[in-house]
Amino acid sequence: EVQLVQSGAEVKKPGQSLKISCKGSGYSFTTNWIGWVRQMPEKGLEWMGIIYPGDSDTRYSPSFQGQVTISADKSISTAYLQWSSLRASDTAMYYCVRGWGGDYWGPGTLVTVSS
Amino acid sequence: DIVMTQTPLSSPVTLGQPASISCRSSESLVHSDGDTYLSWLQQRPGQPPRLLIYKISNRFSGIPDRFSGSGAGTDFTLKISRVEAEDVGVYYCMQGTQFPHTFGGGTKVEIK
C-alpha cells in the first residue's frame, strides 16, 4: 500500500526557519517524483515544485523559486520542503504528492506563522 | 503558466441526480508524447485532495464508476452520474502537461 506520511503541524514566528518532511512507503521511492502543493486557508491548490529522488532533479514553479528549497534523502525515502525565513503569508497546508501526475497525496502539514 | 478555468464555481445538486463540471485550459494539453495530462481531484471537507481521473478519462484505483471524464485539447468535463452524499466537496482539474502543473480554481459540489 502506497503511503505518504507527513510531519506534524508547526507554529513558527516570522523570520524563523522550518523544514517539513514526507516519508514514502509501499512503492519505489527513488523512481517516483515527489511534489509539494500549497493550500492557503480557504483557497485553492498551488503546485510549488517537484523532485526526482533518484537523481535529485528538482524543478520549482516560478512563483516559489527562491522562496523554498525541496530536497530528498533516498536512503530514508523522505522528501523535504524548507524555508530559511518564514513569513506570515506562508501560513498554509502543505501536501506532498507522489508522481508527476499526483496520484497519491499525503495528509498535509499545517504551517502557521504568527508573531 | 497554463491557466485552468473551471465552471461553475458552485453546483447545488439533488441526491441521485447528475452533476457536471467543466474545465478549460488556456492552451492545448496534448503533450509531445501524444498523451493529455488532465486530471480531476476531489477534496472532501477537512480531507486532502485525492485523484479521481487521470489522462482525461481514466478512473484511478478504487474510484466508483459514477465518475467519468471526457474532453480533448482545451475543453474537459467531469460528470457524476448520480450524486451521493459522500460526493460533497470541492473538485479541481489539474494539468500536468507543462511544468509547472496548474489547477483550476475549484468547483464546490453541495446537496440541495
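Below, chains carry the letters A, B, ... as their sequence lines are ordered, and counting in each starts from 1. Side chains are part of it too, since the values below use all heavy atoms of this structure and drop only hydrogens, waters and symmetry mates.
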For the student: nearest non-hydrogen atoms of B/F99 and A/S61, plus distance: CE2-N, 3.8 Å

Residue pair A/Y104 / B/R50, side-chain heavy-atom distance below 4.5 Å: no

B/T97 OG1 to A/W100 CH2 distance, which is reported to the nearest 0.5 Å: 10.5 Å

Smallest separation among heavy atoms of B/P48 and A/G106, with atom names: CB-O, 3.4 Å

ILVMFWY network linking B/I63 to B/V109, side-chain heavy atoms under 4.5 angstrom: yes

Rounded distance (nearest 0.5 Å) linking atom CZ of B/F103 with atom CD of A/Q39: 9.5 Å

Contact class of A/V37 relative to chain B, heavy atoms under 4.5 angstrom: side chain

Heavy atoms from other residues, nucleotides or ligands near CZ of B/R82 exceed 12 (cutoff 6.0 Å): no

Atom CD1 of A/I76 with >12 non-hydrogen neighbours under 6.0 angstrom: yes

Same cluster (ILVMFWY, side-chain, under 4.5 Å), A/W47 and B/Y37: no

Cluster overlap A/M93 with A/V68, hydrophobic side-chain contacts below 4.5 Å: yes

A/M48 CE to B/H101 NE2 distance, which is reported to the nearest 0.5 Å: 14.5 Å

Flag if over 12 foreign heavy atoms under 6.0 Å of CZ, B/R66: yes

Joint hydrophobic cluster, B/L51 plus A/V2, side-chain heavy atoms closer than 4.5 Å: yes

Toward chain B, the part of A/E46 with a non-hydrogen atom under 4.5 Å: backbone

Part of B/Y92 lying under 4.5 Å from any heavy atom of chain A: side chain

Same cluster (ILVMFWY, side-chain, under 4.5 Å), B/L41 and B/F67: yes

Straight-line distance of B/Q47 CD to A/W105 CH2, nearest 0.5 Å: 13.5 Å

Euclidean distance, B/F60 CZ relative to A/D103 CG, rounded to 0.5 Å: 4.5 Å

